[in-house]
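Protein chains get the first letters and strands the later ones, always in sequence-line order, with residue 1 at the start of each. Quick caveat, the model's predicted, so the values are computed rather than measured.
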Number of protein chains: 2
Amino acid sequence: MGVSLKDVAQRAGVSIKTVSNVVNNYQHVTPAMRAKVQKAIDELGYRPNLTARHLRKGRTGIIALAVPEFGNPYFAELAGAVIDAAARHDYTVLVDHTAGLREKELLVSQGFRSHVIDGLILSPIHLETEDLMARTETAPLVLLGEREYEAPYEHIAIDNVAAARAAVRHLVAQGNRRIAFLGSRTGQERQPAHLRLRGWREELAAAGITPDESLVVVTDGYGREDGAAGMARLLDREDRPDAVFAYNDLIAIGAMRALTERGLRIPDDVAVVGFDDIEESRYTTTTLTTIAPDKDAIARLAVDSLVEQLSGRPVAEPRRPRPGYRLVVRESTTSRSDSGHTEDL
Amino acid sequence: MGVSLKDVAQRAGVSIKTVSNVVNNYQHVTPAMRAKVQKAIDELGYRPNLTARHLRKGRTGIIALAVPEFGNPYFAELAGAVIDAAARHDYTVLVDHTAGLREKELLVSQGFRSHVIDGLILSPIHLETEDLMARTETAPLVLLGEREYEAPYEHIAIDNVAAARAAVRHLVAQGNRRIAFLGSRTGQERQPAHLRLRGWREELAAAGITPDESLVVVTDGYGREDGAAGMARLLDREDRPDAVFAYNDLIAIGAMRALTERGLRIPDDVAVVGFDDIEESRYTTTTLTTIAPDKDAIARLAVDSLVEQLSGRPVAEPRRPRPGYRLVVRESTTSRSDSGHTEDL
DNA sequence: ATGAAAGCGCTAACAC
DNA sequence: GTGTTAGCGCTTTCAT
């Protein structure tokens, strides 16, 4: 096995405690002693066994982040931001994906690695409030994303309704009237796209346009192919829309692909707005107008909340921090000369 | 603190060992005893403390994966594949990113979390052979990616030279002659793009075309913006190329964006080939021809190798498994009717 | 088939 | 300032 504190102590001719003091940069160690111990450490190539330290301290310094899938760049970019935010607090991140399966989300929220992770950041899609209420795991949990829950957990999310309204308002301002919503899951109230769909309804109504529910398109998933398939179905109808508000950028990009394949021009024939501001949206041939959630702020708020709870703050009254977002206007909704500006909201 | 084995033993009126037997599904436990213990476990809500188990067993069941950045979908997609492959061996993956910094790569390879990870899969960019030789950490390490090392570690990578040659051969077959290489780092031999650049040189020579080194474009990084900037510089010259072979898909996508902005048609004016086959490449307005490494195979081979080493196989003679790859022909190199076919190589 | 006891490597109390 | 000791929760001989 490896070299332990005992081995180093023996070599240096001191006690275990002294070596421990040196390793942990304890204040009151004479420089001479420190040097002597350090020499033994170097000679033996000693590396502290963090597992033992974890057992002793009851904490590991590891937090978990569970997202639906890395295939969606939004979550990949978010994961990078979380890792950086956690590193600033000396936490390491264990990343997992749930494939958007309620089963897997449940498993993760119950603490799939009990006692090895100090806390969890979870971005659920199909988890239900009752799942959360039945949770027995005691490690702190912070929720991310659009789904809303009646459960005593901190939830970090931008104001999705307001953001969706901003997107639709922009489309209306550009003169569009038949605006479709692409990426609904089912007709139910608690579906993932709930809030953005509500924003779509509210803003249309506010603009004096009666929301045409037949323009709400259900997709199988939230990827590019789902957007392409949904858009294709929409275009098969007689009365095609003049604009599309997509649940996320991937769906929007899939939709743009479908439009291109049919020879339709963006935005002249159909304007498109997405949601997420993944980097890809800045490089599509027709660059994509989108809502840009402040991913760094989301990551920071989530990690800060977790760290705070780990330091002992009670969660009696979970807050609901609101990270910022922007509407980023690009070519998919405007003539090229107009695009490129950004609206902070 | 939490509920321990001792608490359960006390409640059930048995010894610790018996409870442990039940928890670990040990064979020789009478059903009656098992039921009694299980009851106590359920009543107390006992969860085994994995940290303690780790300390005792000297293994944690956690392996680390370190990639340059999640912003590149290739690595995000690969990470997903590695997590799945590891799960099949009951390993959990701790994902980290190095930002492509040699400093960070060094840190990670030295075992940034000693004793908590059983092994490491690292995709280096700027790490040097000497760094690897100086490594003191004993946890097994598996290397990924294009860089080559003279060090005793297993290295999983497709045949980059052959793959690059296939890409260039395809371009030549389409009638292109002035084929640029986009994404070189410096003029040195050991640069990251080394092998793909060699493939470019070899295939051109084989086709009877003298490689024009002025068509090798250095970029600052490996992202979309780097590709756009590099392509712009190339187009500022008088004698523009008729085709571009990019180091990866992101650079290729950036290049396509630059071409579009200048009103050039793809592939009529300039054909483009990428490398990685990220999903995005199937949805760009002009879909991108690319080399598609078998990511699942790469992930599987890497995890299998690690697991094998963890089970005791010596690494005296590290192998060099060669996962497969394909040339996926899309619109960026052919007229639309020709595209969509795939060549297994 | 079950129990008793040792010890994985470390930190935290408490002595000196 | 430095040494001694107990114990975190678990698995693993070794008894019985």
Whole-Å gap separating [atom2] ([N]) and [atom1] ([X]):
X	N	atom1	atom2	value
B/Lys36	C/dT2	NZ	C1'	11 Å
A/Leu55	D/dA6	CG	P	18 Å
B/Gln27	C/dT2	CD	P	13 Å
B/Tyr26	D/dC10	OH	P	19 Å
A/Lys6	D/dT5	NZ	P	13 Å
B/His54	C/dC10	NE2	C1'	16 Å
A/His28	D/dG3	NE2	C1'	17 Å
A/Asp7	C/dC8	CG	C1'	13 Å

Identify, with sequence neighbours excluded, every residue that meets salt bridge (Lys or Arg N to Asp or Glu O under 4.0 Å) alongside B/Glu43. B/Arg11, B/Lys39
Got a sec, which residues hit salt bridge (Lys or Arg N to Asp or Glu O under 4.0 Å) with B/Lys104, two or more places apart in sequence or on another chain? B/Asp96
Which of these nucleotides, D/dG3, C/dC10, D/dG9, is closest to any side-chain atom of A/Ser4? C/dC10
Options C/dC10, D/dG1, C/dT2, nucleotide nearest the side-chain atoms of A/Ala52: C/dC10
On a heavy-atom basis, which atom in A/Ile298 and which in A/Ile156 lie closest, and how many Å separate them? O-CG2, 4.1 Å
Could you list, one pair per line, each protein nitrogen or oxygen that sits under 3.5 Å from a nitrogen or oxygen of nucleotides 11-15 of chain D, together with the distance?
from   : atom 1 : to      : atom 2 : distance (Å)
D/dT11 : OP1    : B/Asn24 : OD1    : 3.4
D/dT11 : OP1    : B/Arg53 : NE     : 2.6
D/dT11 : OP1    : B/Arg53 : NH2    : 3.3
D/dT11 : OP2    : B/Ser20 : OG     : 3.1
D/dT11 : OP2    : B/Asn24 : ND2    : 3.4
D/dT11 : O2     : B/Arg56 : NH1    : 2.5

Under 3.5 Å: donor-acceptor pair, side chain of [X], backbone of [Y]:
X	Y	value
B/Glu105	B/Ile125	yes
B/Arg47	B/Gly2	no
A/Ser109	A/Leu106	yes

Can you list, pair by pair, the side-chain donor-acceptor contacts under 3.5 Å of residues 29-36 of chain A, counting residues two or more places apart and other chains?
from    : atom 1 : to      : atom 2 : distance (Å)
A/Thr30 : OG1    : A/Met33 : N      : 3.4
A/Arg34 : NH2    : A/Tyr26 : O      : 3.0

Can you find a side-chain donor-acceptor pair between B/Ser305 and B/Glu154 that sits under 3.5 Å? yes
When the C1' atoms of the five terminal pairs at each end define the local axes, what inter-axis angle does the helix from C/dA1-D/dT16 to C/dC16-D/dG1 show, to 10 degrees? 30°
Show the atom names and distances, to 0.1 Å, of all donor-acceptor pairs under 3.5 Å that link a side chain in residues 67-84 of chain A to residues at least two apart or in another chain.
from    : atom 1 : to       : atom 2 : distance (Å)
A/Asn72 : OD1    : A/Tyr74  : N      : 2.9
A/Glu77 : OE1    : A/Lys295 : NZ     : 3.3
A/Glu77 : OE2    : A/Glu279 : N      : 3.2
A/Asp84 : OD1    : B/His97  : NE2    : 3.1

Let me know, please, whether B/Thr30 or A/Pro48 comes out on the 5' side of the other along DNA chain C by nearest nucleotide. B/Thr30
